[in-house]
Amino acid sequence: MSLTIYGVAASRAFRTLWAARELGLAYDHVPHHYAGPEVKAAPYLAINPMGAVPAIVDGGFPMYESLAINLYLARKAGRLWPATVEGEGRVFQWTLFAAGEIDPVIGQWYGHTAYLPPEKRKPELAEEAAPKLRQRLGAIESALASRAWLAEREFTIGDLNLAAALFRAPAFGLDPWPKLKDWHARCYSRPAAKAAVAEREASAAAPR
Ligand SMILES: N[C@@H](CCC(=O)N[C@@H](CS)C(=O)NCC(=O)O)C(=O)O
């Protein structure tokens, strides 16, 4: 059963490329750019009608939403998946936290401090996001007060999903949250993370 991952590494596809490497999966990579015409037209829209990346097709089964894809891949592989129902609960909690609480807030802060062209940045939107981001980072710091990893004793897909959503967090500065800073560094020191980051940086630097 072949797995295809769609999306340039310099996008949320980075999350799924990191997960696939962690899980030791063989895959084909189709690096469609999120701003390119391919993702807004057939046949891609049949895979992801949102016209966004990433998406996968796994043996004919199409899926989109980066963090849900990662849950699916880990659950199917039986790796990075918690052994207990409580661990599963934490994986779901932190994955939905990443999607609902981190993605919009860090996106707003990073977009209006670094990502958007300077003339499109609105400092007031970055300032609005900053205290929300601090609150959320504090919540993660609290969770890490009593445990090394978020869901179980080992790194799970829950750690990967939240760490991947926090890719830009070092730019915000993590010194006020030492346990989070250490956890983030441990997540990104994993060989699969390093390889995925290198792929992401190479694709960001490459001409389109
Ligand atoms: N919630 C989705 C968001 C996907 C998303 O917005 N991807 C961006 C690239 S990081 C994209 O393709 N944007 C193009 C567009 O939405 O038109 C996920 O996590 O997969």
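None of these values were measured; they are calculated from a predicted model. Any value given below was found using the heavy atoms of this structure, including those in side chains, with hydrogens, waters and symmetry copies removed. Whatever order the structure lists ligands and atoms in, that order sets their numbers, starting from 1. Throughout, numbering of the chain's residues begins at 1 and tracks the sequence.
Relative to the ring axis of Trp183, Arg147 does not place its NZ or CZ within 45° and under 6.0 Å from the centre.
Using a 4.0 Å cut-off between charged side-chain N and carboxylate O, Asp103 and Arg15 make a salt bridge. By the 4.0 Å N-to-carboxylate-O rule, Glu141 lies too far from Lys179 to be salt-bridged with it.
Side chain to side chain, Asn161 and Trp94 fail the donor-acceptor criterion of an N or O pair below 3.5 Å. Side-chain atoms of Ser2 and Asp28 form no donor-acceptor pair, as typed in the model, at a separation below 3.5 Å.
Sorted by chain and number, the residues within 4.0 Å of ligand 1 by heavy atom are Ser11, Arg12, Arg15, Tyr34, Lys40, Gly51, Ala52, Val53, Pro54, Glu65, Ser66.
Partners of Phe172 under the ring-ring contact (aromatic ring centres under 6.0 Å, His included) rule, at least two apart in sequence or in another chain, are Trp109.
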